[in-house]
K.L.:
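Handing you this structure, nothing more for now.
Remember, it's 1-based here, ligands and their atoms both numbered in the order they're listed. We count residues from 1, following the sequence as given.
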Amino acid sequence: AETFNGGKIFNDNCSACHIGGANILIEHKTLQKAALSKYLENYDIEPIQAIIYQIQNGKGAMPAFKNRLSYQEILEVAAYVFQKAETSW
Ligand code: HEM
């Protein structure tokens, strides 16, 4: 997956709640690898797919992005989140 635009898409759509990989609303549900592994369903099986699902559908206080971002944009920002999680943001 191309990650070239992932950072910009993240800054424009996600950083209000997830700046630096944090979570300002539910503070333990961060975008760090350990939290994704613990709280995001199927992260340990298919991490990119698990992140894509969360972005498309939202959850709780997180809005769904499937009508706000294209599939290509969702894929790029998911790859960015995965890459940042692997390197501890
Ligand atoms: C959870 C990604 C936008 C609020 C998550 C999780 C991911 C994620 C991967 C799972 C984290 C975990 O369970 O440890 C993204 C991406 C976004 C985005 C890539 C932009 C496309 C937002 C925005 C908000 C938000 C704008 C606030 C309005 C939340 C909340 C959770 C969450 C509250 C916890 C949901 C729950 O389990 O109840 N996000 N997010 N997110 N996000 Fe986002």
Side-chain angles (χ1 to χ4, degrees):
E2 289 290 338
T3 58
F4 184 74
N5 288 317
K8 175 171 170 44
I9 297 163
F10 187 87
N11 288 338
D12 289 350
N13 294 279
C14 320
S15 62
C17 297
H18 292 297
I19 189 154
N23 190 325
I24 67 159
L25 295 177
I26 302 183
E27 68 179 23
H28 57 284
K29 291 189 173 180
T30 72
L31 308 185
Q32 296 285 349
K33 185 175 185 177
L36 294 169
S37 180
K38 186 169 182 180
Y39 300 115
L40 185 60
E41 192 169 356
N42 294 326
Y43 188 77
D44 292 336
I45 301 165
E46 283 283 3
I48 302 287
Q49 285 303 320
I51 298 168
I52 288 171
Y53 185 88
Q54 173 90 16
I55 299 167
Q56 288 178 320
N57 298 290
K59 186 180 177 187
M62 175 169 157
F65 284 87
K66 63 178 175 240
N67 296 322
R68 299 168 63 171
L69 295 175
S70 69
Y71 184 76
Q72 182 66 31
E73 289 171 321
I74 290 172
L75 183 60
E76 290 182 20
V77 75
Y80 174 81
V81 168
F82 175 72
Q83 183 177 51
K84 296 296 279 186
E86 287 295 310
T87 55
S88 303
W89 291 85

K.L.:
Please say yes or no: joined through hydrophobic side-chain contacts below 4.5 Å, possibly via intermediate residues, are Tyr71 and Val77 part of one cluster?
P.N.:
yes

K.L.:
Residue-level breakdown please: for Ala78 versus ligand 1, do any non-hydrogen atoms fall below 4.0 Å on the side chain, on the backbone, on both, or on neither?
P.N.:
neither

K.L.:
Can we call the ring centroids of Trp89 and Phe10 under 6.0 Å apart?
P.N.:
yes

K.L.:
In ligand 1, which numbered atoms sit nearer than 4.0 Å to a non-hydrogen atom of Leu36?
P.N.:
9 (C), 11 (C)

K.L.:
What is the nearest protein non-hydrogen atom to atom 38 (O) of ligand 1, stated with its residue, atom name and distance?
P.N.:
Ile26 CD1, 3.5 Å

K.L.:
Out of all atoms in ligand 1, which are within 4.0 Å of some heavy atom of Asn13? Include the element for each.
P.N.:
3 (C), 20 (C), 26 (C)

K.L.:
If you draw a sphere of radius 2.8 Å around atom 43 (Fe) of ligand 1, how many protein N/O/S atoms end up strictly inside it?
P.N.:
2

K.L.:
Report the residues that fulfil side chain to side chain donor-acceptor pair (under 3.5 Å) with Lys38, sequence neighbours left out, ordered by chain and then residue number.
P.N.:
none

K.L.:
Determine whether a donor-acceptor pair (N or O, by modelled atom type, separation under 3.5 Å) exists between the side chain of Glu73 and the backbone of Ser70.
P.N.:
yes

K.L.:
Only heavy atoms of Thr30, strictly under 4.0 Å: list the atoms of ligand 1 that pass.
P.N.:
11 (C), 12 (C), 14 (O)

K.L.:
Could you tell me whether a side-chain N or O of Ser88 sits under 3.5 Å from a main-chain N or O of Lys84, the two making a donor and an acceptor?
P.N.:
no

K.L.:
So which protein heavy atom does atom 13 (O) of ligand 1 come closest to, and at what separation?
P.N.:
Tyr39 CB, 3.3 Å

K.L.:
Is ligand 1 less than 4.0 angstrom away from at least one heavy atom of Ala16?
P.N.:
no

K.L.:
Applying the 4.5 Å side-chain criterion to the ILVMFWY set and letting contacts propagate, would Leu69 and Ile48 be lumped into a single cluster?
P.N.:
yes

K.L.:
Kindly compute the distance separating CD (Gln54) from NZ (Lys29), expressed to the nearest 0.5 Å.
P.N.:
8.0 Å

K.L.:
Starting from atom 37 (O) of ligand 1, locate the nearest protein heavy atom and write down its residue, its atom name and how far away it is, to 0.1 Å.
P.N.:
Lys29 NZ, 2.6 Å

K.L.:
I need the atoms of ligand 1 closer than 4.0 Å to a non-hydrogen atom of Pro63, numbered in the order shown.
P.N.:
23 (C), 24 (C), 28 (C)

K.L.:
Are Ile74 and Leu40 linked, directly or through intermediate hydrophobic residues, by side-chain heavy-atom contacts shorter than 4.5 Å (ILVMFWY only)?
P.N.:
yes

K.L.:
Would you mind reporting whether Ile51 and Tyr43 have side-chain heavy atoms less than 4.5 Å apart?
P.N.:
yes

K.L.:
If a pair satisfies side-chain hydrogen bond (donor to acceptor under 3.5 Å, both in side chains) and one of its residues is in residues 15-27, list it, with sequence neighbours excluded.
P.N.:
none

K.L.:
Using the side chain to side chain donor-acceptor pair (under 3.5 Å) criterion, which residues pair with Lys8? Sequence neighbours excluded.
P.N.:
Asp12

K.L.:
Considering only heavy atoms of Ala35, which atoms of ligand 1 have at least one such atom less than 4.0 Å away?
P.N.:
14 (O)

